[in-house]
> 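To start, I am sharing the structure in question, which I have written as structure tokens.
Chain letters run A, B, ... following the sequence lines, proteins first and then strands; every chain starts at 1.
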Amino acid sequence: MISSEYAQIDSLLLDLFQKMRESGMALTLEQYQLLREAISQGYGLGGWSDLKRVCRLLWVKPSANYDAKTFKDAFEAFQNNMQQRRNIEGAEPEEQPQETTPPVVKPTANLPQIPPRRTPKKTGTPSAEASDENNTQVPAAVRTSTPLEKDHFKDTSNSNKIILTPQKLPIKLQDVRDAWKILKRPVPIGKEYELDIDATLDLIEREGIFSDVVMRPIKVRRAELLLLIDDNLAMVPFFAALQPFIQAIDQARITPASVYRFTSYPDEYLYQWHHPTKAELIKNLLSKLHQNRTIALIISDAGATLGNYSPERIQGIWKFLHKLSPCIRQLIWLNPLPSQRWRHTSAWEIHKILNGEMLTYEPTSLQTVVKQNPQESKINICQILHP
Amino acid sequence: MSNKQISKEIQPNDKYTGKHQPQKVNGDYSTDLEGRVYYPYLPSPDLVEAVNLAIALERPLLLEGEPGCGKTRLASSVVYEFTQKNQEYLKKLENQNQENHNSTQLWWSYYIWNIKSTTRARDGLYRYDAVARLRDAQLMGTNPQQLREFMGIVEIGFLKHRLQSKENYREFGSLGQALQNHPYRPILLIDEIDKADSDFANDLLLELEELRFEIPETGEKFSTPKNKPIIFITSNREKPLPEPFLRRCLYFYVEFPQEKKLKEIIDLRFGQQSGNKEELVNKAIKSFYQIHDKLEDYPGIRPPGTSEFMDFITALLNLDKSEISTALKDLDKFFCDKLSLKGTLLKTKEAQNIYPKGTENS
């Protein structure tokens with residue numbers, strides 16, 4: 001009896017573990033083992049809330065892969081699922097309708113938002129009630145279209161479900177702060193060296209006599225941010241998503257930093273982000289940058305949103321980068337559009353100018369690029385001088 | 001042999017309940033041999049469970065939470081409780097090793113490793129003083145006559161003895177000490193791990209996972225001890241911790257105490273003293289929560305934590321009787337006049353400026 005109970009618990013835990021993994025928790029087998037161990041020692045056996053607490057303790061971490069909210073949602077879904085299943089086993093007729101009702105309710109809730117979009121199309125218009133009417137009037141024509149309709153409904157209702165909340169934006173304030181912390185790490189500057197006492201001592205220890213001093217490159221821990229945001233019309237929808245960067249700078253979490261805007265490509269002037277009418281000559285600005293400190297971050301779709309190919313833009317960007325790159329330590333370009341959309345647009349050309357270093361606007365790409373050694377990733381503009 | 005017998009007789013009890021609280025003796029809380037003071041600590045039931053789970057699963061417990069909400073204090077609370085519960089066991093153990101009987105209280109082994117921005121993972125394990133060894137070796141090479149004039153015979157004896165073994169030049173850090181063999185499970189606190197370099201936590205992976213380490217300088221190897229240390233790690237989330245490190249820890253977020261809990265904490269900490277000035281304390285708690293809630297909405301300003309509030313209460317309770325009525329009025333006016341009191345809760349100029357304004361608006 002006891003062993004069968006354990007087997008039952010085990011299978012439950014395994015289900016739970018797999019559900020968690022499916023919903024985006026990057027759990028490893030070791031962590032599953034840990035849970036089993038905890039359970040076998042008597043933890044988390046006092047019901048769902050007890051189990052939830054223990055699982056949270058073992059699995060939730062301050063990291064995107066072990067997010068508390070993901071865990072909570074997944075666990076609740078799993079719990080509901082299990083309880084429902086148990087209820088169904090107990091009393092089938094009662095539970096059956098409940099399961100079928102939600103899908104019916106959802107489309108009607110979304111209905112008011114859909115029709116206006118579809119009015120121009122003749123076939124796609126009818127709402128649920130309308131299709132009911134049609135059902136009675138022209139049975140043959142509508143019956144074939146309803147399943148199709150439903151599919152359409154699903155699609156649109158899904159897209160309608162997207163509610164923009166700050167949590168759902170790809171790069172969060174925390175990501176920006178994390179990235180900045182990494183960027184601020186000490187980096188070697190130039191070719192200057194200093195005495196490495198520890199290594200020298202090690203050497204003496206190893207060789208028994210003092211033969212030579214050991215030198216190491218001087219590292220400096222200073223970074224400045226130059227944030228350049230493209231404000232052409234196609235970029236406007238993305239401004240909300242860029243907010244974490246602006247916020248981090250406004251709250252002085254990134255210092256020193258300056259934010260400028262340009263339209264499509266910077267020509268002669270850059271404009272202050274908060275005062276778009278105040279122009280600054282790029283020539284003046286460049287002299288304020290520091291080769292070993294300044295990190296330039298450009299956020300622009302590079303023409304990928306509209307999907308056009310503009311030689312003028314490419315030329316303009318190329319000229320600007322050519323001027324900018326000798327004055328900075330690192331150049332990061334984030335493009336809010338997915339890379340599939342870059343092809344056949346100016347973005348692809350600019351991507352090539354950047355030595356394939358244009359990145360999508362995602363936390364992962366931000367993380368990887370800030371960890372790169374700046375010396376390696378420095379873009380060699382001169383190579384592209386004569387394409 | 002006899003050691004084994006003892007451990008059969010009395011097993012150390014390493015289950016944390018949070019029920020043993022230090023009492024004031026002669027107006028002071030008890031201190032251990034190293035002068036660390038143990039204050040009362042009221043853990044939430046969830047936290048108690050987290051501690052016990054970490055002990056049972058032999059995993060480090062990573063604690064995060066608002067500054068000043070008692071992350072660091074937890075470890076000493078556990079130490080205190082274990083000390084109290086296992087006094088008899090500790091005494092017997094001590095008697096085995098040394099014959100002398102003394103009546104002082106014996107403490108559960110407790111190591112603290114305070115992390116600084118320059119701390120490297122190796123520092124916690126050991127330090128090897130190569131410079132000292134080099135100096136000693138060079139001293140030995142000098143003229144014996146001069147050496148005797150410089151150091152004296154006894155010192156030279158020490159010097160010779162020191163030079164004979166490399167081990168005399170290494171010194172264990174807190175982690176290194178905790179990883180040695182103990183008759184019971186020692187407690188290790190790694191405080192503010194996020195202060196260190198971003199690679200720091202990654203460097204600790206092997207030591208935390210397998211609880212063993214090596215000293216290449218002397219060629220010593222320390223295998224996993226039978227009684228693994230109980231490890232608490234605190235972090236203020238200044239830097240993100242690497243995932244492989246997080247995977248190896250249990251994680252607990254220490255919540256800010258609710259009003260009722262805070263009252264309990266004050267009663268426990270200040271006892272009789274606070275009972276006499278009930279009105280003042282209640283008012284202080286109320287205005288404290290007002291401040292806390294207000295400041296939470298302001299970016300870049302840290303709301304005061306429990307530890308700041310304890311300072312604040314201490315300051316209030318130390319007021320003379322005549323000053324109490326003015327203090328009460330002052331609390332009503334949100335510290336418009338008394339700057340010294342305000343300073344215990346609001347630590348920056350910005351916060352001090354915002355606070356009266358924030359309340360006026362509401």
> Do you know which of B/Leu134, B/Leu241, B/Asp46 has the most heavy-atom pairs with chain A at a distance under 4.5 angstrom?
B/Asp46
> Check each atom of B/Arg247 against the heavy atoms of chain A and say whether the ones under 4.5 Å are side chain, backbone, both or neither.
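Both parts, backbone and side chain.
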> For chain A, which of B/Tyr253, B/Tyr251, B/Phe252 has the most heavy-atom pairs under 4.5 Å?
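Going by pairs under 4.5 Å, I would pick B/Tyr251.
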> Only pairs of heavy atoms separated by less than 4.5 Å count here; which of A/Gln31, A/Gln247, A/Arg177 has the most with chain B?
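Maximum pair count with chain B is reached by A/Gln31.
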> Where on A/Leu58 is there a heavy atom nearer than 4.5 Å to chain B: the side chain, the backbone, both, or neither?
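It is both, since atoms from each part get that close.
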> Counting only heavy atoms not in A/Lys184, do more than 12 fall under 6.0 Å of its NZ?
no
> Can you say whether B/Leu53 sits under 4.5 Å from chain A via the side chain, the backbone, both, or neither, judging by heavy atoms?
both
> Does the pair B/Leu246 and A/Tyr66 meet the rule for a side chain to side chain contact (heavy atoms under 4.5 Å, CB included), with working shown?
CA-CA 9 Å; B/Leu246 290 173; A/Tyr66 304 95; 5.5 Å; no
> Considering only heavy atoms, which portion of A/Asp198 lies under 4.5 Å from any heavy atom of chain B: side chain, backbone, both, or neither?
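Only the side chain of A/Asp198 comes within 4.5 Å of chain B.
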> Counting only heavy atoms not in B/Arg162, do more than 12 fall under 6.0 Å of its CZ?
yes
> How close do A/Ala38 and B/Leu57 get, counting heavy atoms only, and between which atoms?
N-CD2, 3.7 Å
> Test your reading of the model: is there a side-chain donor-acceptor pair from A/Tyr43 to the backbone of B/Asn52, 3.5 Å cut-off?
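Yes.
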> Might you confirm whether atom CZ of B/Arg135 has over 12 heavy atoms from other residues, nucleotides or ligands at distances under 6.0 Å?
yes
> Which answer fits A/Leu57, side chain, backbone, both or neither, if we ask what part of it has an atom under 4.5 Å from a heavy atom of chain B?
both
> Considering only heavy atoms, which portion of B/Tyr128 lies under 4.5 Å from any heavy atom of chain A: side chain, backbone, both, or neither?
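The side chain, not the backbone.
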> For A/Gln41, does the CD atom have more than 12 heavy-atom neighbours from other residues, nucleotides or ligands under 6.0 Å away?
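Atom CD in A/Gln41 is packed in, count exceeds 12.
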> Tell me, yes or no, whether the heavy-atom count around A/Ile197 atom CD1, taken from other residues, nucleotides or ligands under 6.0 Å, exceeds 12.
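Check fails, neighbour count at 12 or below.
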> So, the side chain of A/Lys61 versus the backbone of B/Cys249: is there a donor-acceptor pair under 3.5 Å, distance only?
yes
> I'd like to verify something: which residue of A/Glu37, A/Arg53, A/Arg56 has the highest number of heavy-atom pairs under 4.5 Å with chain B?
A/Arg53
